[in-house]
Amino acid sequence: MSAAISTAYEPREVEERWYRTWLEQGVFRADPASPKPPYAIVIPPPNVTGILTLGHVLNNTMQDILARRARMLGREVLWLPGTDHAGIATQTVVERQLRKEKKTRHDLGRDEFVTQVWAWKEEHGGIIIRQLQRLGCSCDWSRERFTMDPAYSREVQSAFVELYRCGLIYRGKRMVNWCPVSLTALSDEEVIPTPNQGTLYVMRYEVVEEPGVYLAIATTRPETLMGDTAVAVNPKDPRYQRLIGRHCWRPFPRAAIPIIADDAIDPEFGTGVLKVTPAHDPVDFEIGQRHHLPTLDVFSPDATLNELAGPDFVGLDRFEARAKAVERLRELGLLVREEPYQNTVGYSERAGVPIEPRLSEQWFLRYPKVQECLEAVASGRIQFRPERWTKTFEHWIANIKDWCISRQLWWGHRIPVWYHRHEPQRLHVDVAPPSDPENWDQDPDVLDTWFSSWLWPFAAMDDEARRRFYPTTDLVTGPDIIFFWVARMIMAGLHFQGEIPFANVYFTGLIRDSQGRKMSKSLGNSPDPLELIAKYGADGLRFGLMRIAPHGQDIRFDEKQIEEGRNFANKLWNACRFRQMQGPLTGGFQPGQQLSPYTARILHQLEATVARVNRGYAEYLFTEVAQSIYDFFWSDFCDWYLEAAKNEINSTDPAIRQGALAAIDHVIGVVLRLLHPFMPHLTEELWHRLGFGTQTIQFATLDDLAAPMPVDPALVRFAGQVYDSVSIARNLRAEHHVPSNRKARMILKTDVDGDFAVLARLLNAEPLEVRPDYEGEPGVPVAITPVGQIFLPLVGLVDTGAERERLGKELAKVEAELETVHKKLANENFVQRAPAAVVAEHRQRAGAFLERLEQLRERVAAL
RNA sequence: GCACGGUUAGCUUAGCGGUAGAGCGACUGGUUUACACCCAGUAGGUCGGGGGUUCGAAUCCCUCACCGUGCACCA
């Protein structure tokens, strides 16, 4: 027998010890040479600047469950980990640090700045990797990748070159989303539309040809009026038709600008007149293109106004300029009115400020394999879970626009394009720099971080792994990056590998706080997972979270639920501790072993649980799996079976004792294996302590989970009747204030021929007299149960009135239930149309109710 | 405006066509030799409103309301 187990489970030491052991033994390593069928999953690489959030805990726990389950099912598992260089996020972190020293990245220069980011990454990056390890993640850390590793960078650059050569990547001057804080272009996906309470200003421009006649124009952005190069109306708008082709005065800088007609103008909105600022609004830009209007960019890259805005505005921030423009309009008598106005403004995802539409030269990608990508998901070759996300996905694909992939940052993959110094038309586009670098300038921009992430499922693998493990099996991620990442990975996989990158995508829910709000740094409502691990253990956190993470549904987080996970770990610990106190494992049932009804029942319930668990895994219903095991183990096994089995365990007959212990061993052995993916450390510890094996439980087979011997349904039924009777009679005791620990004399009147020692034990009845002919005595409380009438004779505590009342209440209840069933059976439609089995079940119930009713009436009469 | 989710006991939720179930919380009783991170018991629900289909609806259909998410519009 191994060392004694302490009374409360203390996870910390166990978890750290086992994780260390697993690493030492290399059990997470994927062997491409293995003959086992492969299973692969790539981690959604967290930002290298990141620290673990509950969201990470949720999706990495799910991945770990899938990986560990696959190992137990005999697959060669590759769970490939890594981190993402996270262009803007990481650059911002280091710039913030520089700001404390009153420096900007320009003070350092590009090379020095990038060196500093690398230094920062070496020192602080990858914290999240250690945190994932603390959570128990079984990644193959020997293959950890970073998206800026040299090998990975080469993949990114050759992807660019290849797409450029296919003609899918092009450079163009376009209206892009510009972040005035990060000073870079952003993709549409990085812009968050945010409701904004602003003001709609109505101003008026005087018509040049008709002094004294004014056009009223509504705008939310008066600070851009200096860039107006036209005013537009709808050609069908009768109010303004006669003015089309004339001009009006832009007040400052004062200039005559044409009044044009364009279908894009909605006559219903505002005054039906639009000021056209082609340099600062995408719609205006298009109008400008159509009408060949000049483009007047009055903003600097940081969204302060430039000299074109006029001397009064130069250098002002866009919001200061807005106030000043309004003031100026008012002075000039050109401001008609202001009204509060709610609109939606695009904010930069990273910097949190309104983006500025800006005309600039950028690199764009026309997505490859769009149709194939759509079909892969629509056909189910890639299966989304929950399936409803396919619709969201299809909608995005249908409206797909070219992807702006260049970023004006320093941290990232430099665009592999060189411009010839003397022949501006000549480009060198290649992974390798030109052989005469002195004649070339490399494009200063870097690629969007997602342009590297979209290659992750294959680019993170070496050739050998790729041959063996690509395409991968499952992907677990959040639906918030379905466009950023999932859709693009499918296209990249199809284009570069000719094969989908994964077969299943599981979209997790979002974790919210107890008030349903998103977790966010600013609200301070995101608990630190490491503190939760310290308090409840990694296994407790994992299990608690899994039990409340419904299928792709948002999760309301409450620490209580993690506490329950910890409690369950403790329950498992103590049940095993109890078993260990009974001596070493039995090694299974003896040939010809007689099963008690209770043992038959628990084996039967275990089988049902295994079936539920298998079904749950097949459908990725993690909550269902966790809940099934929880219910079975805590309720069926601990509360009922172990208590009932104590009679057998304490039996003087070694065969009886042996039988119960064999059943316990079987149940615990199965439960530990079923539970291992959820609670890896604890199950491993108990597996070894109890002596189920000397090898890690991670590779324990799942082939022998079935009941080791056939089970007689009659025994199962009898045990169920005893348990039901126990509940009813315990209630009787409680109602009569007999403390549960007090041994009480009880009388069982029954025709059933059976052993009632377990009934006596569970009722704490001592003695339990079995008297088939007992007729009761006036005032003796009684419970009508499936195995007979149970009397509770109370010395000196007989209150006939109270007992009559209690029985009366129960009588009423049973009568009501009987009536419901009778009504149904009296309905000819029901009897004829309902399935025969349902009708039969109702008849049976009616019979049972009737019998109980008669017994109750008899008891009332006897009072 | 369009689409997709959600609305079940005080809280978190399961059930998705045949007697509404769990955990937490509340209340009562318990030092029953595995566990107080526990055990036993009790109370608490017209399953968001309305309509329909069906012998039968929390469950299917329609409709409304509210909450959430995505997309579009946003002068």
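Lettering follows sequence order; numbering is per chain, from 1. Nothing here was measured: the structure is a model prediction, and the numbers come from that model.
Spacing between B:U28 and B:G70 at atom P, rounded to whole Å, works out to 46 Å. Between the C1' atoms of B:U12 and B:U8, the separation comes to 12 Å (whole Å). Here the separation of B:U42 from B:C62, taken at their C1' atoms, is 42 Å to the nearest Å. Comparing B:A57 with B:C66, their C1' atoms sit 23 Å apart, to the nearest whole Å. Using P as the reference atom, B:C74 and B:G6 are 31 Å apart when rounded to the nearest Å. For the P atoms, the distance linking B:A3 with B:G18 amounts to 30 Å, nearest Å. Straight-line distance between the C1' atoms of B:C67 and B:C60: roughly 24 Å, to the nearest whole Å. Taking atom P in both B:A36 and B:G25, the straight-line distance is 16 Å, to the nearest Å.
Side chains of A:Glu563 and A:Asn567: a donor-acceptor N/O pair is absent below 3.5 angstrom, by distance only.
One interatomic measurement links the two molecules: CZ of A:Arg742 to P of B:G30, which rounds to 10 Å at whole-angstrom precision. Across the protein-nucleic acid pair, A:His395 atom NE2 and B:C73 atom C1' stand 13 Å apart, rounded to whole Å. In this structure, the CG atom of A:Asn574 is 5 Å from the C1' atom of B:A34, given to the nearest Å. Counting to the nearest Å, the P atom of B:C4 and the CD atom of A:Glu394 are 12 Å from each other. Between the CD1 atom of A:Ile265 and the C1' atom of B:C73 there is a distance of 15 Å, rounded to whole Å.
At a threshold of 4.0 angstrom between heavy atoms, the contacts of A:Pro479 with the nucleic acid are absent. Nucleic acid contact for A:Asn764: base, since at least one base atom lies under 4.0 Å from a heavy atom of the residue. Using a 4.0 Å heavy-atom criterion, one finds that A:Tyr536 contacts no nucleic acid atom at all. No contact: A:Trp640 has no heavy atom under 4.0 Å from any strand. Residue contacts for A:Arg221: at a heavy-atom cut-off of 4.0 Å it reaches no nucleic acid atom on any strand shown. No engagement by A:Lys823 is indicated, since no non-hydrogen atom pair under 4.0 Å with the nucleic acid exists. A:Arg566 comes within 4.0 angstrom of a nucleotide base, judged by non-hydrogen atoms across all strands. Among the protein residues, A:Thr219 comes within range of the sugar-phosphate backbone only, with heavy atoms under 4.0 Å from sugar or phosphate atoms but none that close to a base. No engagement by A:Ile217 is indicated, since no non-hydrogen atom pair under 4.0 Å with the nucleic acid exists. At the heavy-atom level, A:Glu643 lies under 4.0 Å from base atoms of the strands shown. Within 4.0 Å (heavy atoms only), A:Asp639 reaches sugar-phosphate atoms of the nucleic acid but no base atom.
The partner of B:U28 is B:A40, judged by Watson-Crick or G-U wobble contacts that both fall below 3.5 Å. Nucleotide B:G56 forms a pair with no other nucleotide shown, judged by Watson-Crick or G-U wobble geometry with both contacts under 3.5 Å. Nucleotide B:A9: unpaired (no Watson-Crick or G-U wobble partner with both distances less than 3.5 Å). Pairing for B:C71 is with B:G1, a Watson-Crick or G-U wobble pair whose two hydrogen-bonding atom distances lie under 3.5 Å. B:C47: no Watson-Crick or G-U partner with both key distances under 3.5 Å is found in any strand.
When each of B:G70, B:G29, B:A34 is scored by its nearest atom to the side-chain atoms of A:Thr392, the top-ranked nucleotide is B:G70. Distances were taken from every side-chain heavy atom of A:Arg845 (C-beta onward) to each of B:A3, B:C37, B:U19; the shortest belongs to B:U19. For A:Arg388, whose side chain is taken as the heavy atoms from C-beta onward, the closest listed nucleotide among B:G5, B:G18, B:U42 is B:G5. Comparing atom distances between the A:Ala8 side chain and each of B:G30, B:C74, B:C37 picks out B:C37 as nearest. Here the nucleotide nearest the side chain of A:Leu642, chosen from B:C74, B:G41, B:A34, is B:A34.
Side-chain N/O atoms of A:Ser740 and base N/O atoms of B:G29 include a donor-acceptor pair closer than 3.5 Å.
A search for ring-ring contact (aromatic ring centres under 6.0 Å, His included) contacts involving A:Tyr598 returns A:Tyr723, not counting sequence neighbours.
Exactly one of A:Phe393, A:Trp389, A:Tyr506 qualifies for a ring pair (Phe, Tyr, Trp, His ring centres under 6.0 Å) with A:Phe384. That residue is A:Phe393.
Put simply, A:Asn741 has no side-chain N or O that comes within less than 4.0 Å of OP1 or OP2 on B:A40. For the OP1/OP2 pair of B:C39 and a distance below 4.0 Å, the side-chain nitrogens and oxygens of A:Lys571 include at least one atom meeting the criterion.
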Nucleotide-resolved protein contact map, nucleotides 21-28 of chain B, B/S/- at heavy-atom distance under 4.0 Å: --SS----
